[in-house]
Novice: 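Right, I'll just put the structure down here and ask away after.
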Amino acid sequence: MEGLGYRRLWYAEHHHSLSVGAFPPAMLTAHSATFTSAIRLGSGGVLAPNHAPISLAEQFGTLAALHPGRIDMGIGRGPGTFDEATARALRRGAGPATDAEYRQDVAAILSSLVDEIVGDTLPVPWLLASSAAGAALAAELGLPIAFAHHIRPQNTAEALTGYRAAFIPSRWCERPRSLVSVLAVCAETEEEAAWQAGPFRVFRDAVFKGTADAHPFCTPADAAAHPFTEEERDILADFQTRQAVGAPETVARRLAQLVAETGADELMLWTPIHDLGARVRSYELIKKHFTATSA
């Protein structure tokens, strides 16, 4: 990613999932930082309800001290799993965090970053959100926001408008700052892009049904044979039109539209392609054509 000219790479926290895997963001951030020199690295995000706030502050504070000016700490609320038993295990038997508990956790993380970390270099905290409530909390705390358009695209524009209107400057951020995460699958032709996006459609359908963790991320050939109902196809088609899937010109146009619609300061690409080579090619094509289109 650094070699392609991308500016930021984040890792999301997931647990006990055959489709996604288990990826501790702090460990992958540390690993990637040793092989790169300029790209920003971090979490997208670490999930506050699963951890002691001071522990998260220490982990990312240490990373920031080791790699000054390069570490982001994206903070989220979800459990990181679609399995209720796994979610409860992560919380040592407790149920989902309430709004008040999540607010307290985020505040404690921010406080610990300031009070417990030795040195002048701190990670940059971001708040992850997919709803108006999450956007409102980011505005209240004066944090930059990373909005999950790839999860709930119907919420993006309204939530970010509210975020900007209610934003209170803080030590972390002087003005509203927004990043929008979008599903992006690009190939040389529309047909090839649709083929490569097939496994995502199977995965997304499983997300709707709450079974995404139970099955491996399938191949395009397996996805082509998947028995969707007509209703499922319609739902998935509607979702995909809000993302960026297609040939380079199509994807570049859609990304430009998304920036115009949301006012995003930055886009982050989520590219769930089964084959690593095809995934890297997607990033290459988008970087080349979107940069040229938006220049």
Side-chain angles (χ1 to χ4, degrees), residues 1-12 20-21 23 25 28-29 31-45 67 69-72 74 124 126 128 144-151 153 156-157 160 177-201 203-204 217 220 239-295:
M1 298 300 290
E2 183 172 77
L4 294 177
Y6 284 88
R7 295 180 297 177
R8 198 183 304 276
L9 175 61
W10 284 358
Y11 299 100
V20 181
F23 299 110
L28 288 180
T29 298
H31 178 74
S32 297
T34 63
F35 295 100
T36 56
S37 60
I39 193 170
R40 294 196 65 92
L41 300 162
S43 58
H67 307 282
R70 297 183 58 203
I71 302 301
D72 298 323
V124 176
W126 291 70
L128 275 62
I145 186 172
F147 201 87
H149 183 83
H150 70 288
I151 296 176
T156 308
L160 290 183
R177 184 179 180 190
S178 60
L179 176 155
V180 170
S181 176
V182 56
L183 167 73
V185 175
C186 188
E188 277 80 359
T189 66
E190 299 289 337
E191 294 76 15
E192 176 64 16
W195 174 259
Q196 296 295 349
F200 162 76
R201 288 190 286 272
F203 171 78
R204 183 68 182 182
F217 194 73
F239 178 87
Q240 188 167 302
T241 60
R242 301 169 187 256
Q243 308 299 321
V245 177
E249 295 77 11
T250 299
V251 171
R253 182 173 62 253
R254 178 62 192 126
L255 293 178
Q257 290 172 345
L258 187 58
V259 171
E261 292 166 2
T262 65
D265 298 302
E266 185 175 345
L267 296 179
M268 181 166 281
L269 310 181
W270 179 53
T271 304
I273 293 178
H274 186 275
D275 179 74
L276 178 59
R279 194 184 321 155
V280 172
R281 183 56 177 159
S282 178
Y283 288 129
E284 291 174 341
L285 291 170
I286 293 174
K287 181 61 179 174
K288 175 181 178 180
H289 289 268
F290 184 58
T291 301
T293 300
S294 58

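The basis for the numbers below is simple: all heavy atoms, side chains too, and nothing from hydrogens, waters or symmetry mates. As the structure is a computational prediction, the values presented were derived from the model and not from experiment.
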Novice: Sequence neighbours excluded, which residues qualify as salt bridge (charged side-chain N to carboxylate O under 4.0 Å, His left out) partners of R242?
Specialist: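 Partners of R242 under the salt bridge (charged side-chain N to carboxylate O under 4.0 Å, His left out) test: D238.
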
Novice: Measure the CG-NE2 distance between L255 and H289 for me, rounded to the nearest 0.5 Å.
Specialist: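 Those atoms lie 12.5 Å apart.
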
Novice: Out of curiosity, L179 CG to W126 CH2, how far, rounded to the nearest 0.5 Å?
Specialist: 5.0 Å

Novice: Report yes if the side chains of P248 and K288 come closer than 4.5 Å at any heavy-atom pair, otherwise no.
Specialist: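 No, too far: nothing below the 4.5 Å cut-off.
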
Novice: Could you work out, with side-chain hydrogen bond (donor to acceptor under 3.5 Å, both in side chains) as the rule, every residue matching T29, not counting sequence neighbours?
Specialist: none

Novice: Please name the pair of heavy atoms, one in S32 and one in L41, separated by the smallest distance, quoted to 0.1 Å.
Specialist: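 Shortest heavy-atom contact: C-CD1, 3.8 Å.
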
Novice: For A252 and F290, which heavy atoms make the closest approach, and how far apart are they?
Specialist: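 Looking at all heavy atoms of both residues, the shortest contact is O-CD1, 3.7 Å.
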
Novice: Answer whether the closest heavy-atom distance between the side chains of I273 and R281 falls below 4.5 Å.
Specialist: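 Contact flag for I273/R281 side chains = no.
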
Novice: Would you find a donor on one side and an acceptor on the other, under 3.5 Å apart, between the side chain of R177 and the backbone of E266?
Specialist: no

Novice: Indicate yes or no: at least one non-hydrogen side-chain atom of I286 is less than 4.5 angstrom from one of Y6.
Specialist: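 Heavy-atom side-chain distance check passes, below 4.5 Å.
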
Novice: What is the minimum heavy-atom distance between Q196 and P220, and which atoms define it?
Specialist: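 In terms of heavy atoms, the two residues are closest at OE1-CG, 4.0 Å.
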
Novice: Identify the heavy atoms of T271 and S282 that sit nearest to each other, and give their distance.
Specialist: CG2-OG, 3.9 Å

Novice: Could you pull out the closest heavy-atom pair between A193 and A247, with the gap in Å?
Specialist: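 Taking every non-hydrogen atom into account, CB-N, 4.4 Å.
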
Novice: Passes side-chain contact (heavy atoms from CB on, under 4.5 Å), Q243 versus H149? Steps please.
Specialist: CA-CA 8 Å; Q243 308 299 321; H149 183 83; 3.7 Å; yes

Novice: Does a side-chain heavy-atom distance below 4.5 Å link S181 with W10?
Specialist: no

Novice: Could you work out, with side chain to side chain contact (heavy atoms under 4.5 Å, CB included) as the rule, every residue matching A264, not counting sequence neighbours?
Specialist: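 A264 satisfies side chain to side chain contact (heavy atoms under 4.5 Å, CB included) with S178, V180, T262, L267 once adjacent residues are dropped.
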
Novice: Measuring from C186:SG to R279:CZ, what's the distance to the nearest 0.5 Å?
Specialist: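 If I round to the nearest 0.5 Å, the distance is 15.0 Å.
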
Novice: Would you say the side chain of V185 lies within less than 4.5 Å of the side chain of F200, judging by non-hydrogen atoms?
Specialist: no

Novice: Report yes if the side chains of V182 and R254 come closer than 4.5 Å at any heavy-atom pair, otherwise no.
Specialist: no

Novice: Going by an N to O cut-off under 4.0 Å, is there a salt bridge joining D72 and R40?
Specialist: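 The answer is yes: the pair qualifies as a salt bridge.
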
Novice: To the closest 0.5 Å, what do you measure between CG (D265) and CD1 (I145)?
Specialist: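 Atom-to-atom, D265:CG and I145:CD1 are 11.5 Å apart.
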
Novice: Would you check if the side chain of E2 reaches a backbone N or O of A38 as a donor-acceptor pair within less than 3.5 Å?
Specialist: yes

Novice: If we only count heavy atoms from C-beta on, is the P272 to F203 side-chain gap below 4.5 Å?
Specialist: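 The answer is no, as the side chains (C-beta and beyond) never meet within the 4.5 Å cut-off.
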
Novice: Just how far is it from atom CD1 of I151 to atom CZ of R204, taken to the nearest 0.5 Å?
Specialist: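 The CZ atom of R204 is 7.5 Å from CD1 of I151, to the nearest 0.5 Å.
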
Novice: Is there a side-chain contact between M1 and R8 (heavy atoms, below 4.5 Å)?
Specialist: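 Sidechains of R8 and M1: no contact.
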
Novice: Rounded to the nearest 0.5 Å, what separation is found between the CG atom of L9 and the CZ atom of R70?
Specialist: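 If we round to the nearest 0.5 Å, L9:CG and R70:CZ are 10.0 Å apart.
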
Novice: Looking only at heavy atoms, which two atoms of V245 and A197 are closest? And how far apart?
Specialist: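 So the minimum-distance heavy-atom pair works out to CG1-CB, 3.9 Å.
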
Novice: Relative to the ring of W270, is the ring of H150 parallel (under 30°), tilted (30 to 60°) or perpendicular (over 60°)?
Specialist: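 Rings of H150 and W270: tilted, as their planes differ by 30° to 60°.
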
Novice: Given side chain to side chain donor-acceptor pair (under 3.5 Å), test E190 with T250 step by step and report yes or no.
Specialist: CA-CA 8 Å; E190 299 289 337; T250 299; 2.4 Å; yes

